[in-house]
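Let me begin by presenting the structure, written as structure tokens, before commenting on it.
Both counts, for ligands and for their atoms, begin at 1 and track the order of listing. What you see is a predicted model, and the numbers here were worked out from it, not measured in a lab.
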Amino acid sequence: MQIRKIYAVYFSPVGSTGKVTEAVAGVIAGKLGIPAETIDFTLPENRGGGWTFDRDELVVFGTPTYAGRVPNKALPFVQDLFHGDQTPAIPVVTFGNRNFDSSLTELKDELEKNRFCPFAAGAFAARHVFSQTIAAGRPDAKDMEILHAFAEKAAAKLLAAQDADALTRPVIRGGEPVAPYYVPKGLDGQPAKFLKAKPKTDPDLCDGCGTCAEACPMGSISRENTAEVTGICIKCQACVRLCPKGAKYFDDPAFLSHVAMLEKNFQRRAEPETFL
Ligand SMILES: Cc1cc2nc3c(=O)[nH]c(=O)nc-3n(C[C@H](O)[C@H](O)[C@H](O)COP(=O)(O)O)c2cc1C
Ligand code: SF4
Ligand code: SF4
């Protein structure tokens, strides 16, 4: 089938998901010789409108994995803002080297409900935003090789199909249904409860530049007083990772215990998984 344009659409607080989604879209755009455009709906100001895609467009759609699923606070944006019209789609997730569990299946299912036709899907390990050591440097060259091969196969599948109805759905992990959210554990193996944790600010390091407030996908950091978290915190770490002064941090004991548990148990290399 003929595709006229490709969109890389994503929610990506710290950037790995954006990088992976754009890379998949870029390879396919190059292969098909058509333009690619990015729709980044991470920030509140980019979620003002909605988008409907045509059947001769392709959407590569990316979210990170949070607690084994599509981030629950980003799910309504996926459901409400993006609609297809028998539009071919490639759901893509990143995960921080523990496991993507059900996030890819959930994303595929949600896209299908909104009249997209998912025909390929991929889960890519990326730096865990909670840690300096887990999956540091990923996606790396080996991951990008797998990503390229996957995107090329997806392009070939698209070209070979008569129309979107002829595109077969990817079977993710044998067609397992979406499982409940993963319960984070602490070092003691017990559930680590840090739902209410919020970042703190070191006043000696912070110069009030406002980068953290601009980067918060929930719009929860006050622009007038950047030490103040006024709304919901999804623990995405954008403020911590993007602060140029290293002034933002989490000191919630349950959160730190979960990070220590991950650093102890999930240093082995998780490979990307692709489904066509
Ligand atoms: C709240 C939260 C929960 C997460 N849960 C998981 C998880 O269940 N499994 C996993 O492997 N990684 C998990 N991660 C790691 C992210 O999926 C990973 O770092 C992702 O690449 C971040 O994407 P971004 O750079 O686009 O923000 C979690 C991260 C956050 C912030
Ligand atoms: S990004 Fe860092 S230095 Fe800038 S206002 Fe936020 S905490 Fe302060
Ligand atoms: S305050 Fe919470 S939601 Fe906002 S950027 Fe920081 S970690 Fe993410």
Would the distance check show the side chain of Ser103 and the main-chain N or O of Phe100 forming a donor-acceptor pair, the cut-off being under 3.5 Å?
yes

Taking the non-hydrogen atoms of Pro244, is any one of them nearer than 4.0 angstrom to ligand 2?
yes

Using 0.5 Å steps for rounding, measure from the CD1 atom of Ile28 to the CZ atom of Phe150.
7.0 Å

Closest protein heavy atom (residue, atom, distance) for atom 7 (S) of ligand 2
Lys248 CG, 3.7 Å

Can you check whether Lys235's main-chain N or O pairs, donor with acceptor, with Gln237's side chain at less than 3.5 Å?
yes

Considering the heavy atoms of Gly208, write down every atom of ligand 2 situated less than 4.0 Å from one of them.
5 (S), 8 (Fe)

Regarding Asp143 and Arg269, does a basic nitrogen lie under 4.0 Å from an acidic carboxylate oxygen?
yes

Using modelled atom types only, decide if a donor and an acceptor are shared between the side chain of Ser102 and the backbone of Val178 within a distance under 3.5 Å.
no

Does the ring of Tyr181 carry Arg69 above it, NZ/CZ under 6.0 angstrom from centre and within 45° of its axis?
yes

Checking a contact table here: which protein heavy atom is nearest atom 8 (Fe) of ligand 2, and how many Å away?
Cys206 SG, 2.4 Å

Stepwise, does the side chain to side chain donor-acceptor pair (under 3.5 Å) test hold for Thr94 with Thr17?
CA-CA 6 Å; Thr94 61; Thr17 311; 2.9 Å; yes

If only atom types and distance count, is the side chain of Thr226 paired as donor or acceptor with the main-chain N or O of Gly210 below 3.5 Å?
no

Just say parallel, tilted or perpendicular for the rings of Phe250 and Phe255, cut-offs at 30° and 60°.
tilted

Could you identify the single nearest non-hydrogen protein atom to atom 2 (Fe) of ligand 2 and state the distance to 0.1 Å?
Cys243 SG, 2.3 Å

Going by chain and residue number, what protein N/O/S atoms come nearer than 2.8 Å to atom 4 (Fe) of ligand 3?
Cys216 SG

Atoms of ligand 2 close to Thr226 [distance to a heavy atom under 4.0 angstrom, numbered from 1]:
5 (S)

About how many Å separate NZ of Lys198 and NZ of Lys200, when rounded to the nearest 0.5 Å?
11.5 Å

Examine distances only and state if a side-chain atom of Glu57 and a backbone atom of Asp54 form a donor-acceptor pair shorter than 3.5 Å.
yes

Spell out, as yes or no, whether a donor-acceptor pair under 3.5 Å connects the side chain of Ser131 to the backbone of Ile134.
yes

For Gln237, which part has a heavy atom under 4.0 Å from ligand 3: side chain, backbone, both, or neither?
backbone

Of the side chain and backbone of Asp207, name the one, both, or neither that has a heavy atom under 4.0 Å from an atom of ligand 2.
both

What protein heavy atom sits nearest atom 4 (Fe) of ligand 2, and how far away is it?
Cys209 SG, 2.3 Å

Ion pair Arg98/Asp101, N-O distance below 4.0 Å
yes

Write out the protein residues near ligand 1, meaning a non-hydrogen atom under 4.0 Å from one of its atoms, in order of chain and number.
Ser12, Pro13, Val14, Gly15, Ser16, Thr17, Pro64, Thr65, Tyr66, Ala67, Gly68, Thr94, Phe95, Gly96, Asn97, Arg98, Asn99, Ala126, Arg127, His128, Val129, Phe130, Ile234, Lys235, Cys236

Determine the interplanar angle of the Phe61 and Phe41 rings, folded into 0 to 90°, and report it as parallel if under 30°, tilted if 30 to 60°, perpendicular if over 60°.
tilted

Measure from atom 5 (S) of ligand 2 to every heavy atom in Gly210, Ala227, Ala247, Pro203 and give the option owning the shortest one.
Gly210

